[in-house]
Amino acid sequence: MRVSKLFMPTLREVPSEAEIVSHQLMLRAALMRKLASGVYNFLPLGLRVLRKIEEIVRQEMNREGAQEILCSALLPSELWKESKRWDVFGPEMFKLKDRNDREFCLGPTHEEIFTDIIRNEIKSYKDMPLNLYQIQTKYRDERRPRFGVMRSREFIMKDAYSFDTTWEGLDESFNKMHRAYNRIFRRCGLDFKAVEADTGAMGGTGSMEFMVKSDIGEAEVVFCTSCDYAANIEKAPTFDVELEINEEYKDVKKVKTPNSRTIDELTKFFDTTPDKFAKTLIYRADDKVVAVMVRGDRDVNETKVINHLKCINLEMADEEIVKETTGANVGFAGPIGIKVDELLVDYEVKNAKNLIVGANETDYHIVNVNFGRDFEGTVGDFRNITNEDRCPKCGGKITINRGIEVGHIFKLGTKYSEKMKATFIDEKGEERPIIMGCYGIGINRTMAAVIEQNHDEKGIIWPVEIAPYQVIVVPVVMKDEEQVKAAENIYNKLQDIGIEVLIDDRDERAGVKFNDADLIGIPIRITVGKKIKDGIVEFKLRSSSEVIEIKEDEVVAKVKEALKMS
RNA sequence: CUGGGUGUGGCGCAGAUGGUAGCGCGCAAGAAUGGGGUUCUUGAGGCCGCUGGUUCAAGUCCAGUCACCCAGACCA
C-alpha cells in the first residue's frame with residue numbers, strides 16, 4: 001500500500017476528548033474516529049488490527065475444536081423474557097420495536113440465543129460436547145462509556161458457548177478455552193494473567209478473568225507475591241481472624257459529634273484512627289433494606305453482600321430510606337436500634353473491641369460498642385481484601401493492582417438450560433439439562449489494552465502479529481530518483497513474498513515520515529537514503545532505537561528473519 | 001443517576017469590564033529546502049453547540065436545552 005493513497009489522517013495534536021494513552025493514540029494514529037459517546041468508526045489501519053486480532057482468536061478457537069457461527073444482533077424479546085433477563089438487563093439494553101410493535105433488542109450478549117439454537121437442534125448425548133462461537137457486534141447502553149473503546153456501547157466480542165453432558169465434560173471444555181485464551185493473548189503481545197473471578201449471584205461454578213495489568217483498568221486484582229494466587233478483588237476472601245486485644249470492655253457512652261459524619265471528620269473529632277470505627281452502610285437489596293458494617297478503614301465488598309443475600313440488585317439506599325431506618329440524617333447510622341431487614345457484620349467488626357459507631361441520632365455517635373454485648377447481626381466476609389491482609393491461599397504478602405479485563409471464561413452450568421428447557425437424552429434414556437459454559441473476549445478492548453502496554457512517547461509499538469502492516473519503506477528524498485527507485489524495488493520485492501508493506505511515497509520531509517511511521521507503530525522500517533548509491537539502506541525496528549545499515553539485496557532476508565519467516 | 005468540567009474554522013487553543021472574531025497546526029497555490037513534524041509568500045475556511053430572553057448592541061450577561069469529557073455509582 002502506498003501511504004500517499006492510504007486513508008490515514010493522523011493527528012499531530014492530542015484530541016482534547018481523550019484522556020488515556022490508548023485512546024489518544026487510537027485517534028492520533030488514525031485507527032478510529034468517534035461518532036457518538038461510546039460509538040466509534042474504524043478507519044483502515046484500525047480495522048486491519050481488529051481483523052488480525054479476530055483472526056488470531058479464530059485460529060485458536062478452531063484449534064480447540066470450537067466452530068464459528070454468526071448470530072443476528074437484532075434479537076426478539078421473547079427469548080429474553082423467557083430467561084427473565086428482559087427486565088434484569090433493563091436500561092443496559094438498546095430496545096426497539098418493529099412496525100408491528102413487536103419488541104426487539106440489540107444483543108448485549110447471546111446466552112439465550114445460543115441456548116435456543118441448541119435446544120432446537122440437539123437431542124442426544126451423542127451430539128456433545130459441542131462448542132460454538134461467534135465474533136460479532138454487541139450493544140450495551142452503558143451508563144458511562146469510558147476511555148474510548150475500553151468501555152463502549154458498541155463493540156466486537158468473541159463469545160463462545162460450550163455444551164456438555166457432564167460436569168467433568170464442562171471442566172474439560174473450560175480448560176480448553178483457558179488454553180486457547182492463553183495462546184490468544186500471548187500472540188497479541190499482552191502481559192496478562194488469568195485470575196479467579198466472582199461467579200455472580202445467579203450461580204455458576206467457576207469463573208476466570210484474563211486481566212491485563214494497567215493503571216487505567218477498571219478492575220482491582222489481588223496478586224500474591226509468593227504463590228500463584230491471583231483474583232479479582234470482588235472474589236478474594238478475607239477470614240475470621242480472632243485478635244488478642246489487650247483492652248477491657250468499656251461502658252457504652254453516647255457522644256455529641258456535631259458536623260462530623262464522615263470517617264475522616266470523625267477521626268479528627270475523636271483524635272484517633274479510622275480502624276477504631278465501624279461504619280454502617282444502608283443498602284437497598286431488591287425489596288429489602290439491609291445494613292452492612294465494616295471497619296472504618298475498610299470498603300464494603302458489594303459482590304460479597306450480593307452473594308450472601310442472593311439478591312439481584314444492590315444499591316446504596318437514598319437519603320429518605322436512611323432517615324427512615326436510622327431516624328437520623330445520613331452519617332449517623334449505627335447497629336443499635338437500626339430498623340433493617342438484616343444487619344450484616346464483617347468479621348473484623350465482630351472481632352474488634354470498643355468501637356465507635358453511629359447512634360442513629362443526628363449529631364451523635366456511640367463509643368465502646370461491642371458485638372455480642374451491644375448488638376447482634378449476621379457475621380461474615382463483607383469487605384474488600386487489603387494489602388494488610390494475607391494471601392488466602394498461602395498466607396503470603398499480597399499486592400493489589402488495577403487490571404483491564406480482556407477475557408472471561410465462565411462455567412454457567414445449567415442456569416440457562418434449565419430456565420429455557422435445553423435438555424438432552426442421556427445413555428439411559430433420561431432427559432437432563434445441558435451443562436453450559438460461556439467464554440468472551442472483547443476484541444476492541446484487547447486492541448486498546450495492547451496499545452496501553454506497547455507504546456512510547458512517539459506512538460504505538462505494535463507487536464508483529466497484529467500490526468496493521470509489518471514493514472514500512474521510507475524513501476527519504478522523493479526528488480532523488482535513485483532513492484525512489486530503490487525504495488519501490490524493495491517495496492515490490494517484499495510485497496511479492498506476501499509481506500504487508502507500506503511505502504511512504506508522499507512528498508514530505510523525512511521527519512514527517514518518520515514521525516508518522518513511529519506513531520502508527522509499524523514494526524519494521526526500511527529507510528532508503530543517501531547511501532543507496534553504495535547499495536546501503538537502513539533497517540530499524542520500531543521497538544528498538546538501533547539503526548542497522550544493510551545491503552539493499554539483504555533486505556528481504558533480514559525482514560523475513562525479523563518476522564520469523566522461513 | 002450524583003458531582004465536577006468543556007462546547008469558538010479539520011485539530012489544539014485565545015478572546016479584561018457586552019461594540020459584531022483571532023493565533024498555532026493542518027488545508028490550497030507558489031518558491032526555496034531535503035535524514036526527525038523546514039522556511040517564506042499568497043489564499044480558502046467560522047450561524048462562536050442549540051433555543052429563548054435582557055440590551056441600541058451578545059462569543060461575552062440570564063434562563064433553558066443538547067452534546068462531549070472526568071470522578072463516583074453501576075456493569076452477564
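Letters A, B, ... mirror the listed sequences (proteins, then strands); counts begin at 1. Not measured: the values here are computed from a predicted model.
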Please enumerate all protein N or O atoms sitting under 3.5 Å from an N or O of nucleotides 27-29 of chain B, with distances to 0.1 Å.
none

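- Following rounding to the nearest Å, A:E549 (CD) and B:rG35 (P) show an atom-to-atom distance of 15 Å.
- In this structure, B:rG43 and B:rC27 make a Watson-Crick or G-U wobble pair, each of the two defining distances being under 3.5 angstrom.
- Only one option out of A:K176, A:K158, A:H408 pairs with A:Y181 in a side chain to side chain donor-acceptor pair (under 3.5 Å); it is A:K158.
- Between B:rG3 and B:rG19, the distance separating the two P atoms is 34 Å to the nearest Å.
- No hydrogens or angles considered: nothing links the side chains of A:Y139 and A:D141 as a donor-acceptor pair under 3.5 Å.
- Closest to the side chain of A:D518, from the set B:rA76, B:rG36, B:rC70, is B:rG36.
- How far CG of A:D164 is from OG1 of A:T414: 12.5 Å, rounded to the nearest 0.5 Å.
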>> For a side-chain hydrogen bond (donor to acceptor under 3.5 Å, both in side chains) check, start with the C-alpha distance between A:H308 and A:E342, then their side-chain angles and the critical distance, and finish with the verdict.
In response: CA-CA 11 Å; A:H308 170 83; A:E342 188 167 359; 3.1 Å; yes
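- A:E220 pairs with exactly one of A:M211, A:E234, A:R402 by the side chain to side chain contact (heavy atoms under 4.5 Å, CB included) rule, that one being A:R402.
- Put simply, the side chain of A:R119 never gets that close to the backbone of A:T423: no donor and acceptor are under 3.5 Å apart.
- B:rU6 and B:rA14: their P atoms are spaced 10 Å apart (whole Å).
- Below the 3.5 angstrom threshold, one finds no donor paired with an acceptor across the side chain of A:E13 and the base of B:rG26.
- Comparing the C1' positions of B:rA71 and B:rC62 gives an interatomic distance of 29 Å, to the nearest angstrom.
- Atom C1' of nucleotide B:rC69 and atom CZ of A:R153 are separated by 14 Å, given to the nearest angstrom.
- Of the listed nucleotides (B:rC25, B:rC68, B:rC70), B:rC70 has the atom at the smallest distance from the side chain of A:F147.
- In this structure, A:E315 atom CD and B:rC75 atom C1' are separated by 13 Å, rounded to whole Å.
- Atom C1' of B:rC68 sits at a distance of 26 Å from the matching atom of B:rG53, rounded to the whole Å.
- Among the nucleotides B:rG37, B:rA73, B:rC75, the one closest to the side chain of A:E92 is B:rC75.
- Relative to the side chain of A:E111, the nucleotides B:rG37, B:rA76, B:rC75 differ in distance, and B:rA76 lies closest.
- With hydrogens and angles ignored, a donor-acceptor pair under 3.5 angstrom links the side chain of A:D507 to the base of B:rG34.
- Using atom C1' as the reference point in both B:rA32 and B:rC70, the two lie 47 Å apart (nearest Å).
- The stretch residues 477-489 of chain A comes close to RNA chain B through A:V477, A:K479, each having a heavy atom under 4.0 Å from the strand.
- Across all strands, A:K513 comes closer than 4.0 Å to no nucleic acid atom at all (heavy-atom distances).
- Taking only side-chain nitrogens and oxygens, A:S37 comes nearer than 4.0 Å to OP1 or OP2 of B:rC69.
- Geometrically, A:K95 engages A:W86 in a cation-pi contact, judged by NZ or CZ lying under 6.0 Å from the ring centre and within 45° of the ring axis.
- Pair assignment for B:rG22: B:rC13, on the basis of Watson-Crick or G-U wobble contacts that are both within less than 3.5 Å.
- One can place CD of A:E19 at 13 Å from C1' of B:rG4, the figure rounded to the nearest angstrom.
- Backbone-only engagement by A:V14 is indicated by non-hydrogen atom pairs under 4.0 Å involving sugar-phosphate atoms exclusively.
- For A:K530, a side-chain nitrogen or oxygen approaches OP1 or OP2 of B:rG35 to under 4.0 Å.
- In terms of position on RNA chain B, the residue among A:R509 and A:F89 whose nearest nucleotide sits closer to the 5' end is A:R509.
- Put simply, the side chain of A:R146 and the base of B:rC70 share no donor and acceptor less than 3.5 Å apart.
- Within 4.0 Å of A:M93, counting heavy atoms only, lies no atom of the nucleic acid at all.
- A centroid separation of less than 6.0 Å is found between the aromatic rings of A:F210 and A:H178.
- When each of A:R33, A:K34, A:R146 is paired with A:E17, the salt bridge (charged side-chain N to carboxylate O under 4.0 Å, His left out) condition holds for A:K34 and for no other.
- For A:R144, a side-chain nitrogen or oxygen approaches OP1 or OP2 of B:rC70 to under 4.0 Å.
- In this structure, B:rA67 forms a base pair with B:rU6, meeting either the Watson-Crick or the G-U wobble geometry with both donor-acceptor distances under 3.5 Å.
- Closest approach to the A:E538 side chain among B:rC68, B:rG35, B:rA73 is made by B:rG35 (side chain taken as heavy atoms from C-beta onward).
- Between the side chain of A:R506 and the base of B:rG37, no donor-acceptor pair of N or O atoms lies under 3.5 Å.
- B:rA58 and B:rA21 have their P atoms separated by 13 Å, given to the nearest Å.
- One interatomic measurement links the two molecules: NE2 of A:H23 to C1' of B:rC68, which rounds to 11 Å at whole-angstrom precision.
- In this structure, CD of A:E142 is placed 14 Å from P of B:rA71, rounded to the nearest angstrom.
- Atom CE of A:M436 is separated from atom P of B:rA76 by 17 Å (rounded to the nearest Å).
- Of the nucleotides present, B:rA32 is the one that pairs with B:rU38 by Watson-Crick or G-U wobble criteria, both distances under 3.5 Å.
- With values rounded to the nearest 0.5 angstrom, A:S22 atom OG is found 4.0 Å from A:M150 atom CE.
- Remark: the separation of the P atoms in B:rG24 and B:rU38 is 14 Å, to the nearest Å.
- Across all strands shown, B:rG72 forms a Watson-Crick or G-U wobble pair with B:rC1, both key distances being under 3.5 Å.
- Every residue two or more places apart in sequence or in another chain that forms a ring-ring contact (aromatic ring centres under 6.0 Å, His included) with A:F192 is listed here: A:F185.
- Taking the side chain of A:S16 as heavy atoms from C-beta on, and the options B:rG37, B:rG35, B:rC13, the nearest nucleotide is B:rC13.
- Here the P atom of nucleotide B:rA76 and the CD atom of A:E209 are 10 Å apart, to the nearest Å.
- When distances are taken from the side chain of A:D516 to each of B:rG35, B:rG36, B:rG37, the shortest belongs to B:rG37.
- Across all strands, A:R33 comes closer than 4.0 Å to no nucleic acid atom at all (heavy-atom distances).
- Relative to the side chain of A:Y416, the nucleotides B:rG12, B:rG35, B:rA76 differ in distance, and B:rA76 lies closest.
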